[in-house]
Amino acid sequence: MPEGPELHLAAKFITAIGQRTLFGGQVVKSAVSTKNPDVEWNKEVYRVRANSRGKELKVVVTEGESEVKGGASLSILFRFGMSGSFKYTPVSELPKHAHLQFYTINEPIPMVLSFVDYRRFGRWEVEGEWGADRGPDPIWEYQAFRSNVMENLKLSAFNRPICEAMLNQKFFNGIGNYLRAEILYRCGVRPFDEAREVLSELKPFSKWYETQVKQEDVKNIVKQEDVQKIVVKQEDNKEIVKQEDVKENIVKQEDVKENIVKQEDVKENIVKQEGNKKSVKESKVKPDLLDLCHILPKEVVGLEGGGKGYNVDPDANEEEYAAFRMQVQEIR
DNA sequence: CGTCCACGTCTAC
DNA sequence: TAGACCTGGACGG
């Protein structure tokens, strides 16, 4: 499933668990996982935490009950492929396709944190570094992300339709098939316009982001957008997002100047254009395509847009944590 | 039963 | 720039 936001949620999930839970023993690899390396790690007690960058996630294990200077540690870099996820379950309910397993100690019930990946397209590398061929994270390194695109528009990577260029992880690390479709849809850019042409029109520094930083008004802008944005359910989402649909439906556009997108077959998902124009006027600063590469993933993660999403507050109390754990034993 | 489809890379021609 | 790499769910006959 995983695009940038899901990797980020997975990292938060792992870290939240790691703050409460002691792990111990070996890191176990499933017998069927032959392409991925063994993880040489066997400590009586260790901690886990994780962080993510685009479509990569790093798990760090450190020896002992608390992180001590000079203590042994090891990091594992994951790419999730099409179906990777982390799950936290009782050992007695070890998920099918759990290809790498971290076992707890001292929990009421023995628990296991697993990298689950039924298609096995996912990869991990021991002590792997962030992919040198992958760009900055649009959520957490927005300025760097934007410059990386704007300063490289001359490259042949931008010689292609914007919808293809947006899957290039060298520039759009964390953007996948679903996000690129949603982003294009939201900013009314025709998917098959040349990337260079679309992007050359943008400012090197985001007007939207400047406004965001300066004024605390931002919330209002975001709110306004939220009000008339249609929350597309995952199922409906798939409808729009299929490549074929993109081709067939988004290609027809009439009033380019006003960014009016006519999508004919995407019945349930048409945002009324009137509403759109209105919002553009009211909010003055309309997020551009690159802004949306920042905003949309952020919304998915639940940092914006009304407190939806998993509440993985590391400082939550035990009760909240228990509830959270029951609710979300899986984050993709 | 069968065919198609899936939030992603990889590498071989 | 096609396949290859995988499992399994949805849906058709």
Side-chain angles (χ1 to χ4, degrees), chain A residues 1-13 29-37 52-58 76-87 94-100 114-125 128-135 137-139 156-157 159-161 163-186 191-192 195 231-248 265 269 292-293 295-302 308-310 328 330-332:
Chain A
M1 100 160 271
E3 299 182 27
E6 290 83 3
L7 279 270
H8 171 70
L9 284 174
K12 272 176 91 170
F13 179 65
K29 189 178 80 168
S30 75
V32 70
S33 181
T34 52
K35 293 181 181 172
N36 285 309
S52 72
R53 177 177 181 267
K55 266 181 242 175
E56 294 180 318
L57 176 148
K58 220 185 258 186
I76 309 161
L77 182 76
F78 289 86
R79 263 157 276 126
F80 280 21
M82 292 285 275
S83 56
S85 67
F86 273 86
K87 293 185 184 179
L94 183 71
K96 203 177 174 187
H97 309 295
H99 296 304
L100 200 63
S114 318
F115 177 64
V116 180
D117 180 17
Y118 69 89
R119 295 182 74 180
R120 271 182 284 145
F121 292 172
R123 294 282 123 94
W124 68 78
E125 298 163 30
E129 249 319 309
W130 302 123
D133 44 351
R134 313 184 72 108
D137 188 307
I139 304 183
S156 62
N159 266 346
R160 353 174 26 77
C163 65
E164 288 176 27
M166 286 178 75
L167 295 178
N168 184 340
Q169 302 297 296
K170 180 143 191 163
F171 299 102
F172 296 89
N173 193 4
I175 304 299
N177 192 30
Y178 285 5
L179 276 172
R180 64 110 183 240
E182 193 63 23
I183 290 164
L184 288 169
Y185 177 62
R186 279 241 212 147
F192 291 91
V231 180
V232 183
K233 298 198 177 89
Q234 195 77 348
E235 288 72 27
D236 302 337
N237 212 355
K238 284 179 183 165
E239 286 293 312
I240 324 176
V241 171
K242 286 194 226 159
Q243 180 84 23
E244 294 77 8
D245 292 347
V246 172
K247 280 186 190 150
E248 287 167 22
D265 256 6
N269 298 299
L292 287 167
C293 291
I295 296 167
L296 261 158
K298 223 168 159 179
E299 286 178 3
V300 173
V301 164
K308 269 260 176 77
Y310 309 101
V328 202
E330 164 191 10
I331 298 217
R332 294 183 288 178

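Predicted, not measured: the structure shown is a model, and the values here were computed from it. The sequence lines fix the lettering, A, B, ..., with proteins before strands; numbering per chain opens at 1.
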Give a yes/no answer on whether the side chain of [X] brings an N or O atom under 4.0 Å of OP1 or OP2 in [N].
X         : N      : value
His97(A)  : dC6(C) : no
Arg123(A) : dC5(C) : no
Lys96(A)  : dT7(C) : no

May I have the distance from [X] (atom [atom1]) to [N] (atom [atom2]), rounded to whole angstrom?
X         : N       : atom1 : atom2 : answer
Asn159(A) : dT1(C)  : CG    : C1'   : 16 Å
Arg180(A) : dT9(B)  : CZ    : P     : 12 Å
Lys35(A)  : dT7(C)  : NZ    : C1'   : 13 Å
Phe78(A)  : dG8(B)  : CZ    : P     : 18 Å
Phe121(A) : dA6(B)  : CZ    : P     : 13 Å
Asn36(A)  : dG8(B)  : CG    : C1'   : 14 Å
Arg120(A) : dA6(B)  : CZ    : C1'   : 17 Å
Asp133(A) : dC10(B) : CG    : C1'   : 11 Å

Legend entry - dC4(B) versus dG3(C) - spacing of their P atoms, nearest Å: 14 Å
Inset, instruction - In whole angstrom, give me the gap between the P atoms of dG8(C) and dT9(B). - result: 22 Å
Inset, instruction - Tell me, yes or no, whether the heavy-atom count around Lys29(A) atom NZ, taken from other residues, nucleotides or ligands under 6.0 Å, exceeds 12. - result: yes
Inset, instruction - Could you check Arg119(A) against Gln169(A) and say which one's nearest nucleotide on DNA chain B is further toward the 5' end? - result: Arg119(A)
Residue of the set [options] for which side chain to side chain contact (heavy atoms under 4.5 Å, CB included) holds with [X]:
X         : options                                  : result
Pro297(A) : Leu292(A), Ile139(A), Asp137(A), Leu7(A) : Ile139(A)
Met166(A) : Leu184(A), Leu179(A), Asn177(A)          : Leu184(A)
Trp124(A) : Leu77(A), Leu100(A), Asp117(A)           : Leu100(A)

Inset, instruction - Find which nucleotide of DNA chain C each of Arg160(A) and Val32(A) is nearest to by heavy atoms, and output the residue with the more 5' nucleotide. - result: Arg160(A)
Inset, instruction - Select one nucleotide: of dG8(B), dT7(C), dG8(C), the one nearest the side-chain heavy atoms of Met82(A). - result: dG8(B)
Legend entry - Closest nucleotide among dG8(C), dC10(B), dG8(B) to the Arg79(A) side chain: dC10(B)
Inset, instruction - Answer yes if the ring centres of Phe78(A) and Phe115(A) are under 6.0 angstrom apart, and no otherwise. - result: yes
